[in-house]
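Below: one structure, written as structure tokens.
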Amino acid sequence: MTSLTPLKPADVAERLKARRAVLVDIREPDEFAREYVSGAVHAPLSRIDAPSLERHAGRDIIYTCRTGNRTATNGVKLASCVPGQAFVLEGGLDAWKAHGLPVQADRSQPIELMRQVQMTAGGLILIGAALGLLVHPAFWGLSAFVGAGLFVAGATGFCGMARVLAVMPWNRKAYGAA
């Protein structure tokens, strides 16, 4: 079983500067559009395969995500896309920034869709709980409804809240909604 070899941000920066490596960002398009390491190649985990990386033959392939969790979880799959040794940016984009290394950021892009879902769901649950406590216990139904929706999303992979948020005005350009 092949896995990824971790590299510290400074080591990755040195390899990139020397053009010995390619940094492959596996986050989804909405995440990458908001912030990324300059020169990183975008290859979303949901669509990555060996042919998509062939043009970088002869250079080290270093994978990254936001925190390193996604690359760690999918290390075997990612390593199998590279004929030789594959690497991972230890701590991901967050560690890169913590070391003061430069990123390209476009704050005009919306916050990542899953973060929007988390913020909206959490807010609705808090509102339902507060209103249930302060106004009428029936408002606890709002918290239960949102909790049930989150459970269904986790169990089925379908998130109705994400679908609704994707068509909101602030997301239309980023998510291609009409």
Side-chain angles (χ1 to χ4, degrees), residues 1 3-4 6 23-37 40-50 52-53 62-81 86 88-98 103-178:
M1 179 162 79
S3 63
L4 303 174
L23 185 63
V24 178
D25 193 320
I26 64 164
R27 296 173 303 141
E28 293 304 313
D30 59 319
E31 298 170 279
F32 187 81
R34 189 159 169 89
E35 186 174 49
Y36 59 92
V37 173
V41 172
H42 185 227
L45 180 61
S46 60
R47 294 181 289 222
I48 198 167
D49 57 14
S52 67
L53 299 176
I62 305 169
Y63 293 105
T64 189
C65 60
R66 187 173 62 84
T67 64
N69 289 336
R70 227 175 309 186
T71 50
T73 302
N74 295 281
V76 172
K77 174 184 178 178
L78 295 170
S80 72
C81 293
V88 61
L89 170 57
E90 192 173 82
L93 182 63
D94 288 352
W96 180 269
K97 293 188 308 185
V103 296
Q104 295 291 315
D106 183 355
R107 299 293 179 221
S108 70
Q109 292 294 320
I111 294 172
E112 297 88 19
L113 193 56
M114 287 317 301
R115 285 184 55 204
Q116 290 181 45
V117 167
Q118 292 165 341
M119 291 172 10
T120 302
L124 288 171
I125 289 169
L126 285 173
I127 288 168
L131 290 174
L133 184 66
L134 300 172
V135 178
H136 192 275
F139 281 106
W140 287 329
L142 174 60
S143 298
F145 177 75
V146 174
L150 291 172
F151 179 83
V152 168
T156 67
F158 173 81
C159 181
M161 187 179 292
R163 296 275 174 103
V164 169
L165 287 169
V167 299
M168 291 293 116
W170 60 86
N171 284 327
R172 287 191 180 166
K173 181 181 172 191
Y175 300 105

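No hydrogens, no waters, no symmetry mates; every other heavy atom, side chains included, goes into these values.
Contact check for Leu93 versus Arg27: side-chain heavy atoms found under the 4.5 Å cut-off. Asn74 has its side chain out of reach of Tyr63: every pair of non-hydrogen atoms, C-beta onward, lies at least 4.5 Å apart.
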Just distance, no hydrogens or angles: give the donor-acceptor pairs under 3.5 Å from side chains in residues 131-151, sequence neighbours left out.
residue	atom	partner	partner atom	Å
His136	ND1	Ala138	N	3.0
Trp140	NE1	Ala129	O	3.2
Ser143	OG	Ile125	O	2.8
Ser143	OG	Ala129	N	3.2

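Annotation: the span from Ile62 atom CD1 to Leu4 atom CG amounts to 11.0 Å, rounded to 0.5 Å. A distance of 4.5 Å separates CZ in Arg107 from CD in Glu35, rounded to the nearest 0.5 Å. Rounded to the nearest 0.5 Å, atoms SG (Cys159) and CG (Leu113) are 7.5 Å apart. How far CG of Leu53 is from CD1 of Ile48: 4.5 Å, rounded to the nearest 0.5 Å. Between Arg34 atom CZ and Gln104 atom CD the span is 14.5 Å, to the nearest 0.5 Å.
Distance alone, capped at 3.5 Å, places no donor-acceptor pair between the Tyr36 side chain and the Asp25 backbone. A distance-only check finds a donor-acceptor pair linking the side chain of Gln116 to the backbone of Ile111 [under 3.5 Å].
A search for salt bridge (Lys or Arg N to Asp or Glu O under 4.0 Å) contacts involving Arg70 returns Glu31, not counting sequence neighbours. For Glu90, the side-chain hydrogen bond (donor to acceptor under 3.5 Å, both in side chains) partners are Lys8, not counting sequence neighbours. Here Arg115 pairs with Glu112 under the salt bridge (Lys or Arg N to Asp or Glu O under 4.0 Å) rule; sequence neighbours left out. Partners of Arg47 under the salt bridge (Lys or Arg N to Asp or Glu O under 4.0 Å) rule, at least two apart in sequence or in another chain, do not exist in this structure. Remark: Asp94 pairs with Arg66 by the salt bridge (Lys or Arg N to Asp or Glu O under 4.0 Å) rule, at least two apart or across chains.
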